[in-house]
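The next block holds one structure in the form of C-alpha cells; read it before the comments.
Note that the coordinates shown come from a computational prediction; the quantities given were computed from them, not determined experimentally. Below, chains carry the letters A, B, ... as their sequence lines are ordered, and counting in each starts from 1.
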Amino acid sequence: MDGQAKLDAYRKKRDPGQTPEPFGGPSSSPGATREGAYVVHLHDARRRHYDLRLEVGGALESFSVPKGPTLNPGERRLAVRTEPHPLEYLHFEDVIPEGNYGAGPMIVWDSGSVRYLDEPAEEQLRKGKLEFELSGHKLHGRFLLVRLKDSEKDWLLFKKHDAFAAPGGDIVQEKPRSVLSGLDIGELGHASDIASELEARAAALDAPVGSIEPTMIPMRASPAPKGLLGSNYIFELKLDGVRCIARKNGADVLLQSRNLRDVSRVYPEVARAVHKLPAARLVLDGEIIALDQAGQPSFQRLAQRIHLAKGADIRRAETRIPVLFVVFDLLAIGDRDLRRLPLHARKELLQSLVRAPGEIRTLDMIEGDPTLLFDFCRERRMEGLVAKRSDAPYRPGPSRSYDWIKLKCERDDDFVVVGYTLGEGGRARLGALDVAAYEAGELRYRGKVGSGLDASSIEALLARLTPLRTDKPTARGPYNAAPRGRVHVRPELVVSVRFSGYTDDGNLRFPVFRGIRDDVAPEECVASPHADREEAEIERLAAESTHTGGAADEPTRVPVANPDKVLFPADGITKQDIAEYYAAVAPVLLPHLGDRPVMLVRYPDGITGKFFYQWNVPAGLPAWVPTLRVRLPGREDLLEVFHIRDEATLLYVANLGTIPIHVIASRVPHLEEADFFNIDLDVSGGTFANVITLARSLEDLLKQIGLTGFPKTSGQSGLHVFVPLGPAISYETARALADLLGHMLVRRHPDIATMERSKQRRGPRVYVDTGQTGASRTIVAPYALRAVPGARVSTPLTWDEVDDTLDPRAFDIRTVPRRVARIFDPMAALLTETPSVLAAIERLEKLALGRHVA
DNA sequence: GAATGTG
DNA sequence: CACATTCAACGCGAG
DNA sequence: CTCGCG
C-alpha cells in the first residue's frame, strides 16, 4: 500500500471545500519505519475521545482512544484503529464546522517523537502488536498496542513499566490543555474572547495604542555590577539557546533573531504554535531552546538546527531535534504596545496568554531570594541567571541600565602555573598564564589565563616564574596555541582563578586571574570539570533534596524536642521559650539572615554546659531544610551551612539548642565582599557611660563622611555599630576603613578609648574593637539571643536611644518581642543602604589630615 | 542535640 | 546495647 | 613555640 492509497479512506470522508483539515499530498517512505512523529488529539465530536496518531510510512496511523492514554501500567484502554491521516494532521488544531465528518473542536493534546521498538512499525502492525516509546510534552516512555483476537480494528493500549509509569493520577485530567495553543478544548472556539479580555486588561493599565516596528532591537541585559541588587528584582534562568522575537499579525507570523534576521522558516513548529495563540496580533520575546537527553537546554543540540536552510532538512530535524519557545516577555497584544508597562504587569498578561506549557512555554521566575535558583543553575552547569527589575519598562536595544542584569554562575579555584605565553606590547614578556590542575595524580592542562593581569601582577609573576623555567611542558596537553611563544615552568606556583565553567575540551571558560596563592600547595589543586569528590557529593545531596524536598513538604509546625529543658538555669528559661522568642522576632531577624552563611552556637545542655560552634549542617538533615553550599574566602573546603530564610528553619535550629546565631558581613554570591563593617565598643575596663559617649562621637564621625551607623546592644555589656557599605567593597577596604575610624575615635577621646589589644594596657578605657571585620569572620546577628544570665538580646537601637538613660540589660528574651511588635526594626535599612564608600574614604582622609596638621 | 561510629 | 565522638577559627602580640 | 584575646 503506497502513501496515496493509504489516505483514500481519509479523503473519501471529507470535503476540502468545507473543512479546515489538511489534504496533504502523498508522502511515500515505504517499508521500515523505526521512528517518527506522533500526536494525540483531543476531539470533542459526537463523543469526546482522544486520537493517538503515529507516523508510519509517511502517514499517521490513527487509533481512537475513548478514555485517552494513561500512565498507569495497571490500566488498559480500548483503542480503535481508524483510517490513516496525512502527516500534516500532526499540527492540526481547529474547530471542524457543523455538518462535516467529525464536527467539533480538536486540540493537540500532546505531540512529540515516537520510536518503534524491536521491529519496524509496519511489521509490528501486521502482527497485531506494536511496541513504541514516546517522547513528548506529556507522554513519555514505553507503550504497547495489542490487537484483540477476532478483530481488525479493536486494540488495547497499555503503558509499560518504566521510569515514566505513574500508577496514581490521571494525566488527561491533570493536563487537559493543548500543547500548541495552551487552550482547553472548550476555549478553542472562543479564542477571540480571551484576546479581547487581555486587550481590555492592557487598556486598563494605560498601555498606549501603537505598533512595534520589526526593526526593534531586543532588550539586552547588562553584565552584573559588583555588589548587591535592590530587592525589587525577579530572577530567571539564563537559557542556552537563541533569542527570538515572535510577531503575529493575523495569519502572518514572523520570528526574528537577536539581530533581526528572519528565522520563521528555521523553526516552523514555533511559528505554528505562535500562530495558534489566542490573539490576532501580538509580539513575544523569548528564547528558542533544544533539550538534551537529560532535559536540559543544550546549545550544542540547538546548533544542529540553527544553520539548516533546506525545507526537507528542517522537516526531518523537527522530530529529531525538537525545539521549544520559552517566552519571558509580552511586548504587544492587539493594538496595545505594552513596553511602557512594568515587567510584572507584562508577565501577568503573558501568563494569561500562554495558558499551559507546550511548544510555547513561559520562563519560570522567582521573586525574592535567588540563592536556590543560583545553586540549581550551578549544579546543572547552566550559564547563569538574569535579574530583572519588576517595575522596569522594556527598553529596546543595548543595555542602558541595570533593569536587566546577567548573573553568571562563576567559580573560584586554585590552579598550578605550568608556563606562560608571550603577548604583544606591554604583554610581550607575559601574555597569559598556562594553568593546570591535578587529576588522577597527573597535571592536566586547563587553559590560558590572561584577563585580570595588570602591570604589577605581571612583574610579581615573572619574578616568581623566571627561576622555575624549564624546557619541557610539565602538564598533559594539548596546550592552547601560543603564536608569540611560550615558556614552560616547573609546577610550583599556585594562582587563584575566577572562571565561569569549563569548555567541552576541559579548559577554563572566561578565566580571570585573581592572585597568587602562597598558602596552597600545588598538589592541592585538583579542580576539574568533573568536580572534586566533596563537591560532587554535596551536589548529589542537594539534587536529592530538591527532588524530594521543597516548600510543599515544609512543616507548618516544627516540633521542639524536650520543650521543658531549662537552658538558662538562673532564669528558668526553657527551650520552648527560646523557640517562641525566635518565632516572635522572625519578621525582623530573617531579613538579616537571608543570603548570609550563618554559624550556630549551640548549648545542648544550657548556658552553663558545654557548647560548640557549628558551620556545617549535621548529616541526615530533613530535606525541607534549605542550605547554602559556600566556599568562604581564604578556605578551600566547601561548607554546607543552614540557609535560614523562613521561620520553620529558624525553629529547626532553635530546636538544636542554638542560642546565638552569628553571621558574616557578606551575602551570597559575593562572599569576598563586605556589605557592612562593625565597630565594637567593648566596655572592658571603662564605663558604659563612656561607651555611649564614644558611640555618639562615632555617629558624628560617620555622618561627616557620609556614612550611616546602625547601633545595637551586643547583648553583653557593649555596643556594636554596623556601617553599611556600597557594592563591591573588599574586606581589606572595609577593615582599613574600620581601623581608620577607630583610630580617629581614639584620638578624639584618648582618655576613655583605646584600641590596645592587651587587657592590662587598656586600663580603665573602652576597647574600640575593629578586628571583627574580615572575610569569614562572624558577628552576633541582630536579635540573636546571647548565652548569658538574663537571656539578653543583641538589640538594634535608634540613635535617639543611645544616651545616658540606655540600659542594655533592658533588652532580653521577654522584652524584645514586645519592642519588635511596637517599633519593628531600627536596623532594617542596613540591608538596603548603599553609600558611596569612595567618597567617604576621600572625606575621611581629608578629615584625618586636617586633624593631623592641627 | 542528633547522627554516626565503636566496643 | 551503651558509650564516645563530632560539631570554628585566624591573626597577632606577649611571654 | 604556645598562650591569650576577641
Side-chain angles (χ1 to χ4, degrees), chain A residues 518-520 537 541 558-567 574-576 578-579 582 596-623 625 627 630-642 649-666 671 677-686 714-721 731-732 734-736 738-739 742 754-763 765-781 786-788 794:
Chain A
D518 280 319
D519 51 338
V520 176
E537 175 68 8
L541 290 172
V558 179
V560 175
N562 298 317
D564 299 323
K565 187 166 189 173
V566 176
L567 298 189
T574 64
K575 202 160 76 161
Q576 178 71 31
I578 292 169
Y582 274 121
R596 292 184 201 278
V598 297
M599 187 175 74
L600 311 181
V601 191
R602 295 177 52 186
Y603 292 79
D605 307 317
I607 65 169
T608 52
K610 68 167 157 58
F611 73 97
F612 57 91
Y613 297 96
Q614 183 163 12
W615 277 116
N616 277 304
V617 296
L621 195 71
V625 179
T627 63
V630 295
R631 203 182 289 277
L632 259 29
R635 299 185 46 72
E636 75 269 33
D637 59 331
L638 203 59
L639 296 178
E640 185 172 22
V641 300
F642 283 100
T649 309
L650 186 59
L651 292 182
Y652 184 86
V653 304
N655 178 52
L656 294 174
T658 303
I659 297 183
I661 297 170
H662 291 225
V663 293
I664 67 172
S666 302
L671 297 181
F677 67 82
N678 171 30
I679 292 183
D680 178 7
L681 303 173
D682 186 335
V683 172
S684 188
S714 72
Q716 311 216 77
S717 55
L719 286 181
H720 295 161
V721 179
Y731 273 99
E732 290 71 35
R735 176 63 191 268
D739 283 345
T754 175
M755 289 180 75
E756 186 60 61
R757 300 181 62 80
S758 154
K759 250 182 173 168
Q760 278 140 31
R761 299 194 186 197
R762 283 181 209 151
R765 290 177 294 182
V766 172
Y767 178 46
V768 180
D769 183 4
T770 55
Q772 293 182 36
T773 300
S776 69
R777 185 141 307 185
T778 64
I779 311 163
V780 175
R786 304 304 304 271
V788 295
S794 180

Please state how far atom [atom1] in [X] lies from atom [atom2] in [N], giving the value in whole angstrom units.
X: K610(A); N: dG1(B); atom1: NZ; atom2: C1'; result: 8 Å
X: Q716(A); N: dG6(D); atom1: CD; atom2: P; result: 11 Å
X: Y603(A); N: dT6(C); atom1: OH; atom2: P; result: 20 Å
X: L621(A); N: dT4(B); atom1: CG; atom2: P; result: 12 Å
X: R602(A); N: dA2(B); atom1: CZ; atom2: C1'; result: 7 Å
X: L639(A); N: dA8(C); atom1: CG; atom2: P; result: 8 Å
X: M599(A); N: dG6(D); atom1: CE; atom2: C1'; result: 12 Å
X: Q614(A); N: dA2(B); atom1: CD; atom2: P; result: 12 Å

- Message: Tell me which one of V721(A), T773(A), I779(A) satisfies side-chain contact (heavy atoms from CB on, under 4.5 Å) with F677(A).
- Response: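 Testing F677(A) for a side-chain contact (heavy atoms from CB on, under 4.5 Å) against V721(A), T773(A), I779(A) leaves exactly one candidate, T773(A).
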
Can you identify which nucleotide, out of [options], has its nearest atom closest to the [X] side chain?
X: D682(A); options: dG6(D), dG1(B), dA9(C); answer: dG6(D)
X: F612(A); options: dG1(B), dA8(C), dC5(D); answer: dG1(B)
X: P604(A); options: dC5(D), dA8(C), dG1(B); answer: dG1(B)

- To the nearest 0.5 Å, tell me how far F611(A) CZ sits from R602(A) CZ.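 Those atoms lie 13.0 Å apart.
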
- Message: Suppose you measure atom C1' in dG4(D) against the same atom in dA9(C); what distance do you get, rounded to whole Å?
- Response: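 After rounding to an integer number of Å, I get 15 Å for this pair.
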
- Query: In whole Å, what separates the P atom of dG6(D) from that of dA8(C)?
  - Reply: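 My reading of the P atoms in dG6(D) and dA8(C) gives 23 Å.
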
- Task: Would you please confirm or rule out a distance under 4.0 Å between OP1 or OP2 of dT6(C) and any side-chain N or O of N616(A)?
- Result: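 Answer is no, no contact under 4.0 Å.
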
- Message: So does A561(A) get a backbone contact from the side chain of N655(A), meaning a donor-acceptor N/O pair under 3.5 Å?
- Response: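 Yes; judged by distance alone, with no hydrogens or angles, the pair exists.
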
Any non-hydrogen side-chain atom of [X] less than 4.5 Å from a side-chain atom of [Y]?
X: L671(A); Y: P597(A); result: yes
X: K575(A); Y: P563(A); result: no
X: I659(A); Y: I607(A); result: yes
X: I661(A); Y: L650(A); result: yes

- Task: For R735(A), report the nucleic acid contact type (base, sugar-phosphate, nothing); a contact means any heavy atom under 4.0 Å.
- Result: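 The residue R735(A) makes no contact with any strand.
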
- Task: Name the nucleic acid region contacted by K575(A), choosing base, sugar-phosphate or nothing; use a 4.0 angstrom heavy-atom cut-off, strictly under.
- Result: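 Sugar-phosphate: the residue K575(A), judged by heavy atoms under 4.0 Å, touches backbone atoms but no base.
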
- In B/S/- notation, 5' to 3', how is nucleotides 10-15 of chain C contacted by protein heavy atoms closer than 4.0 Å? BB--S-

